Amino acid sequence: MSSLRAILEGPVLEAAPALLGRRLRSRIGGVITEVAISEVEAYDGANDPASHAFRGPTPRNLTMFGKPGGLYVYRSYGIHWCMNIVVGEEGRAAAVLLRGGVPTVGAEEMVRRRGREDHLTDGPGNLCQALGVTGEHDGEQVLGRGVISLRKGTTPAEIERTARIGISKATESQWRFVAAVAT
DNA sequence: ACGAGGATGCTCT
DNA sequence: GAGCATCCTCGTC
């Protein structure tokens, strides 16, 4: 079993499925919430027309060009926040979009933040809201014990691979990975 | 269960 | 000015 750091330093198509089952924890305002990651997508920088980094660095996507383990948070449709974990060598701008999880710690707080009791952490926007992740966390480092931290978990038995959701370019690439994960 | 449509504001052309 | 890596509500089946 590779270390989290080794996974994040490797190829994005290997890192994405390897993140399934691992935990993502936030500690915001002293409150801890955590999920087991169940749904991700790979984006491969300049090699991927669907990536925000396809046309090179801009103020928005700058975090993607940094070190692996960086948290790239962007605003989606003017309303929601979505987060990625930067993967691969610095400057490549590959990243894994976190699209869903299963609550493991702090479900009550997630209910409060979401304003409802169901669909707490399914979908990238909902996941960020449940964990309290916003644009101010863009650039945080998830390797280590910061505000947002990636942790070990249980490797899922089976992983489903499909096309990515909600994109109009590179729709043929099967770069979405989904699994039933243990809590 | 599933699909259509609107909200909403930033980013880049 | 167009186009979003989305989500919710309400309609229909």
Side-chain angles (χ1 to χ4, degrees), chain A residues 7-8 11-20 22 24 26 33 35 37-66 68-88 91-103 107 109-140 142 148 150 159-181:
Chain A
I7 288 169
L8 296 189
V12 69
L13 287 178
E14 294 179 18
L19 288 177
L20 295 173
R22 308 207 178 259
L24 190 74
S26 71
T33 52
V35 299
I37 299 169
S38 63
E39 179 182 350
V40 299
E41 287 176 358
Y43 287 86
D44 195 15
N47 306 303
D48 181 4
S51 170
H52 290 168
F54 183 59
R55 295 172 187 278
T58 67
R60 176 178 70 157
N61 68 22
L62 200 55
T63 296
M64 296 180 94
F65 289 83
L71 196 70
Y72 166 49
V73 185
Y74 70 94
R75 180 99 78 178
S76 173
Y77 290 89
I79 307 171
H80 307 101
W81 296 107
C82 296
M83 65 176 148
N84 297 245
I85 295 176
V86 177
V87 163
R92 184 183 180 96
V96 176
L97 172 69
L98 305 183
R99 290 192 58 90
V102 178
E109 178 66 16
M110 296 185 194
V111 168
R112 219 164 7 249
R113 288 173 179 156
R114 294 275 296 117
R116 56 189 294 168
E117 308 218 338
D118 58 348
H119 298 287
L120 292 179
T121 54
D122 55 342
N126 294 343
L127 181 62
C128 278
Q129 189 177 29
L131 290 173
V133 172
T134 70
E136 70 182 275
H137 301 112
D138 181 49
E140 290 282 338
V142 304
I148 316 292
L150 184 64
I159 296 175
E160 182 186 5
R161 183 171 179 169
T162 78
R164 292 175 290 184
I165 304 291
I167 56 171
S168 58
K169 297 167 193 156
T171 53
E172 71 284 357
S173 298
Q174 307 249 314
W175 287 1
R176 173 174 173 258
F177 303 88
V178 188
V181 299

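Note that the structure is a prediction, hence the values are computed from the model and not measured. Here is the naming used below: chain letters follow the sequence lines, and residue numbers restart at 1 for every chain.
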What is the distance, rounded to the nearest whole Å, between atom CZ of A:F54 and atom P of B:dT13? 12 Å

In this structure, which one of A:I167, A:V87, A:V12 forms a side-chain contact (heavy atoms from CB on, under 4.5 Å) with A:Y43? A:I167

In terms of side-chain geometry, is the basic nitrogen of A:R164 or A:D48 positioned less than 4.0 Å from the acidic oxygen of its partner? yes

Which value, rounded to the nearest 0.5 Å, describes the distance between A:L150 atom CG and A:L19 atom CG? 6.0 Å

Is A:Y43 stacked against the base of C:dA5, taking the criterion as centroid distance under 5.5 angstrom and interplanar angle under 30°? yes

Taking the side chain of A:Y77 as heavy atoms from C-beta outward, which of C:dC4, C:dC8, B:dT11 is closest to it? C:dC4

Nearest-Å distance for atom pair CD1/P, residues A:I167 and C:dG3: 17 Å

The nucleotide from C:dC4, C:dC8, C:dA5 with an atom nearest the side chain of A:Y74 is C:dA5

Does B:dT11 have OP1 or OP2 under 4.0 Å away from a side-chain N or O of A:N61? no

In the structure I gave you, are the side-chain heavy atoms of A:L71 and A:T63 within less than 4.5 Å of one another anywhere? no

Determine the minimum heavy-atom distance between A:T33 and A:A130, stating which atoms define it. OG1-O, 4.1 Å

In chain order, what residues pass the side chain to side chain donor-acceptor pair (under 3.5 Å) check against A:E140, with sequence neighbours excluded? none

Whole angstrom value for the distance that separates C1' of B:dC12 from NZ of A:K169: 11 Å

With a 4.5 Å heavy-atom cut-off, do A:V102 and A:V35 have their side chains touching? no

Identify whether any heavy atom of A:N84 sits under 4.0 Å from a base atom; if not, whether one sits that close to sugar-phosphate; answer base, sugar-phosphate or nothing. base

Nucleotide nearest A:H80 (side chain, heavy atoms from C-beta), chosen from C:dA5, B:dT13, C:dC7: C:dC7

Regarding the side chain of A:I79, the nearest nucleotide among C:dC7, C:dC4, B:dA7 is B:dA7

Could you check whether any side-chain heavy atom of A:M83 comes within less than 4.5 Å of a side-chain heavy atom of A:L127, counting everything from C-beta outward? yes

Distance test, side-chain N/O of A:R114 to OP1/OP2 of C:dC8, below 4.0 Å: yes

To the nearest angstrom, the NE2-P distance between A:H52 and B:dT11 comes to 11 Å

Without decimals, in angstroms, what is the distance between A:L62 CG and B:dT11 C1'? 14 Å

Mind checking if A:R164 touches a base, just sugar-phosphate, or nothing, with heavy atoms under 4.0 Å? nothing

I need the residues from residues 115-125 of chain A with at least one non-hydrogen atom less than 4.0 Å from DNA chain C; give them sorted by number, or say none. A:R116, A:G123, A:P124, A:G125

Would you please confirm or rule out a distance under 4.0 Å between OP1 or OP2 of B:dT11 and any side-chain N or O of A:R55? no

Please give the stem ranges for DNA chain C, sorted by first residue number, where a stem is three or more consecutive Watson-Crick or G-U pairs and both donor-acceptor distances are under 3.5 Å. B:1-7 with C:6-12, B:9-12 with C:1-4

Cation-pi check for A:F65 against A:R92: NZ or CZ below 6.0 Å from the six-membered ring centre and within 45 degrees of the axis, yes or no? no

In whole angstrom, give the distance that lies between atom CG of A:D138 and atom C1' of B:dC10. 14 Å

Could you tell me whether A:R55 atom CZ has more than 12 heavy atoms of other residues or ligands within 6.0 Å of it? no

It should be established whether A:S168 places a side-chain nitrogen or oxygen under 4.0 Å from OP1 or OP2 of nucleotide C:dC4. yes

If I take atom CD1 in residue A:I165 and atom P in nucleotide C:dC7, what distance separates them, rounded to the nearest angstrom? 11 Å

To the nearest Å, give me how far apart CG (A:N126) and C1' (C:dT9) are. 14 Å

